[in-house]
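Contents: one structure, followed by commentary.
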There are 2 protein chains.
Amino acid sequence: MADPLRQPPGDKLAPKAVIGRVSLYLRQLEASQRQGQPTISSSQLGAALGIGDAQVRKDLAFFGQFGYPGIGYRIEELIAALRRILGIDRIWPTAMIGLGNLGRALIKYRGFRSRGFHIVALFDNDPKKMGQTHSGLTVRPLEDLARTTSELGIELAILSVPAEAAQRVADQIVACGILGILNFAPVPLNVPPTVGVMAVDLSVQLEHLAYKVLNGQGGISHAG
Amino acid sequence: MADPLRQPPGDKLAPKAVIGRVSLYLRQLEASQRQGQPTISSSQLGAALGIGDAQVRKDLAFFGQFGYPGIGYRIEELIAALRRILGIDRIWPTAMIGLGNLGRALIKYRGFRSRGFHIVALFDNDPKKMGQTHSGLTVRPLEDLARTTSELGIELAILSVPAEAAQRVADQIVACGILGILNFAPVPLNVPPTVGVMAVDLSVQLEHLAYKVLNGQGGISHAG
DNA sequence: TAGATTGTTAATCGATTAACAATC
DNA sequence: TAGATTGTTAATCGATTAACAATC
């Protein structure tokens with residue numbers, strides 16, 4: 001799993017904020033590429049995202065030397081490098097756990113699949129949902145999680161169960177050897193340090209928006 | 001709209017990170033209250049969320065003095081104060097714009113309504129969707145946005161249209177006088193500084209998760 | 001009172017921005 | 001060469017943590 005090219009010699013872990021911006025850079029680069037642009041400067045790349053040129057260069061420099069002084073960055077080359085750094089130069093077999101309204105919608109959401117996150121199995125504990133089919137996949141009981149995980153090589157889980165069930169299900173997920181959880185349940189999850197968790201909390205986002213509106217603070221906040 | 005109690009004398013705007021944590025505090029306080037707890041200390045409050053006691057006190061102190069030395073915080077009182085600070089002590093009439101898979105799911109998502117964000121109108125430009133009903137609301141054409149906004153007093157918009165349409169629709173939203181946008185489209189929006197935007201970018205979150213898994217960085221990242 | 005816990009100040013840490021020599 | 005732009009160092013800024021007098 002270790003990869004000498006993914007991290008600079010110092011081997012320091014990239015700050016959280018850097019990774020978020022790298023995702024944005026990648027998407028902007030893909031847009032510029034679609035328009036036939038061969039190279040891009042740090043100031044061009046940042047301008048579209050409201051990020052300064054020094055910040056762009058510093059972020060990219062964290063992972064290696066990708067630029068050409070006087071020229072900028074070759075878009076195709078940088079896209080390949082960033083996809084590799086972010087780990088989306090591969091397929092991630094992913095389980096969707098919890099098939100309420102949000103879970104069912106997320107199954108159909110195209111943005112995941114186009115980035116390599118393939119939902120390969122659905123889980124829920126509601127007997128009424130068992131055997132239902134969504135997007136060609138059959139809903140399985142949670143007790144099948146361990147077996148299905150090894151059968152299908154599942155590596156990530158998207159968790160959209162009710163808050164009360166979240167920790168219990170997270171424990172099951174961890175026990176199966178799944179290494180990452182995208183958590184939509186509005187509770188912090190307790191997992192071993194070897195397991196990655198990213199929390200997406202829609203109410204928190206909307207509350208932040210309400211605060212900004214009330215306090216007349218405009219502008220763009222990128223929450224990921 | 002200005003409210004002398006919402007901000008401390010200095011009138012400084014709360015840092016982004018503080019607001020995010022305040023949302024988490026509020027939810028934790030509500031959980032503690034359901035268990036009948038009357039007061040809570042900063043270390044208790046932080047412990048459940050993985051946040052240090054000094055950080056909790058500093059965050060809360062930003063908005064005023066809520067604690068009692070030797071005792072902690074009175075939960076009921078602090079909940080009321082935080083709801084007020086976040087602006088969720090009221091109803092926010094909200095428009096859902098874009099009724100793809102994600103938009104339709106978000107209509108049904110309970111987490112919004114329970115926080116005071118009431119979806120009162122649906123908009124889409126697809127003629128096939130016009131007149132459809134979801135959760136008791138009829139889909140309207142976007143050209144009705146301005147009229148409906150003033151009729152229903154709409155204040156916020158949840159934007160879940162395709163990336164290509166996002167900026168154009170955002171311009172329409174702004175023109176109607178709506179003051180906040182929760183943006184699910186994977187593009188940065190350009191709006192006047194008087195309009196608040198919070199971006200929710202699911203692919204960015206998942207990419208971050210992939211990075212963490214590949215680089216063996218575990219733990220919990222709260223993205224809001 | 002003694003024990004607990006706050007609000008706040010000072011110290012530390014990390015992240016962003018500015019500046020510029022090196023490079024194409 | 002002259003102009004453009006990088007990668008990196010130093011300076012600035014902001015956020016977190018630690019410590020503690022004040023308070024109940």
Side-chain angles (χ1 to χ4, degrees), chain A residues 7-10 12-22 24-25 29 32 37-75 77-78 81-82 85 208 217 219-222 224, chain B residues 7-10 12-22 24-25 29 32 37-75 77-78 81-82 85 208 217 219-222 224:
Chain A
Q7 291 286 350
K12 284 165 293 183
L13 212 57
K16 227 179 81 152
V18 172
I19 303 299
R21 285 193 299 267
V22 166
L24 300 179
Y25 298 152
L29 287 164
S32 298
Q37 215 179 322
T39 66
I40 195 168
S41 69
S42 56
S43 58
Q44 283 179 297
L45 179 50
L49 300 165
I51 295 170
D53 62 320
Q55 177 100 79
V56 171
R57 291 198 300 279
K58 194 130 224 258
D59 286 344
L60 295 176
F62 189 91
F63 299 100
Q65 302 204 165
F66 303 108
Y68 301 87
I71 292 167
Y73 300 87
R74 300 201 208 285
I75 289 181
E77 195 178 304
L78 187 54
L82 295 188
I85 287 163
H208 199 145
Q217 177 191 21
I220 298 171
S221 268
H222 210 288
Chain B
Q7 290 287 348
K12 282 167 293 184
L13 211 56
K16 228 179 81 151
V18 172
I19 303 299
R21 285 192 300 266
V22 167
L24 300 180
Y25 299 152
L29 287 164
S32 299
Q37 213 178 324
T39 65
I40 195 169
S41 69
S42 55
S43 57
Q44 284 178 297
L45 179 50
L49 300 165
I51 295 171
D53 62 319
Q55 176 100 80
V56 171
R57 290 198 300 279
K58 194 131 226 258
D59 286 345
L60 295 176
F62 189 92
F63 300 101
Q65 301 204 165
F66 303 108
Y68 301 88
I71 292 167
Y73 301 86
R74 300 201 208 286
I75 290 180
E77 195 178 305
L78 188 54
L82 296 189
I85 287 162
H208 199 145
Q217 176 190 22
I220 298 171
S221 267
H222 210 289

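Letters A, B, ... are given to chains in the order of the sequence lines, protein chains preceding strands, and every chain is numbered from 1.
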Report task. Classify the nucleic acid contact of B:Ser42 as base, sugar-phosphate or nothing, counting any heavy atom under 4.0 Å across all strands shown. Result ->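 Result for B:Ser42 = sugar-phosphate.
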
Query raised in the report: Which is true for B:Gly72 with a 4.0 Å heavy-atom rule: it touches a base, it touches only sugar-phosphate, or it touches nothing?
Result: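 If one applies the 4.0 Å heavy-atom cut-off, B:Gly72 turns out to touch the sugar-phosphate alone, with no base involved.
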
Requested in this report: For D:dG7, take OP1 and OP2 only and decide whether either is under 4.0 Å from a side-chain N or O of A:Tyr73.
Outcome: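 Result: yes.
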
Query raised in the report: Does OP1 or OP2 of D:dG7 have a side-chain N or O of A:Arg57 closer than 4.0 Å?
Result: no

**Report entry** Most 5' of A:Gln65 and A:Gly70 on DNA chain D, judged by nearest nucleotide
**Finding:**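 This one resolves to A:Gly70.
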
How long is the line joining [atom1] of [X] and [atom2] of [N], in whole Å?
X: B:Asp53; N: C:dG7; atom1: CG; atom2: P; answer: 12 Å
X: A:Ile71; N: D:dT6; atom1: CD1; atom2: P; answer: 10 Å
X: A:Ile51; N: C:dT17; atom1: CD1; atom2: P; answer: 10 Å
X: A:Asp59; N: D:dG7; atom1: CG; atom2: P; answer: 12 Å
X: B:Tyr68; N: C:dG7; atom1: OH; atom2: P; answer: 10 Å
X: A:Phe62; N: C:dG14; atom1: CZ; atom2: P; answer: 12 Å
X: A:Arg21; N: C:dT17; atom1: CZ; atom2: C1'; answer: 12 Å
X: B:Leu60; N: C:dT5; atom1: CG; atom2: P; answer: 15 Å

If you check the [X] side chain, which of [options] turns out closest?
X: A:Pro69; options: C:dC24, C:dT8, D:dT23; result: C:dC24
X: A:Gln55; options: D:dT17, C:dT16, D:dG7; result: C:dT16
X: B:Ala61; options: D:dT6, C:dT8, D:dT16; result: C:dT8

Query raised in the report: Side chains of B:Thr39 and B:Arg74: is there a donor and an acceptor less than 3.5 Å apart?
Result: no

Report task. Kindly indicate, with the supporting measurements, whether the criterion side-chain hydrogen bond (donor to acceptor under 3.5 Å, both in side chains) is fulfilled by A:Tyr68 and A:Glu77. Result -> CA-CA 11 Å; A:Tyr68 301 87; A:Glu77 195 178 304; 2.8 Å; yes

Query raised in the report: Starting at the 5' end of DNA chain C, which residue's closest nucleotide do you reach first, B:Lys58 or A:Val18?
Result: B:Lys58

Query raised in the report: Which base, if any, makes a Watson-Crick or G-U wobble pair with D:dG14, both distances under 3.5 Å?
Result: C:dC13

**Report entry** Complement of D:dA19, any strand, by Watson-Crick or G-U distances under 3.5 angstrom
**Finding:**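 Because both required distances fall under 3.5 Å, D:dA19 counts as paired with C:dT8.
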
Query raised in the report: Closest heavy-atom contact between B:Ala14 and B:Phe63?
Result: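 That would be CB-CZ, 3.7 Å.
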
Query raised in the report: Taking all atoms of both residues into account, what is the closest heavy-atom pair of B:Leu45 and B:Tyr25, and its distance?
Result: CD1-O, 4.0 Å

Query raised in the report: Counting only N and O atoms by type, is there a donor-acceptor contact under 3.5 Å from the side chain of B:Gln44 to the main-chain atoms of B:Ser41?
Result: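 Looks like yes, one N/O pair under 3.5 Å.
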
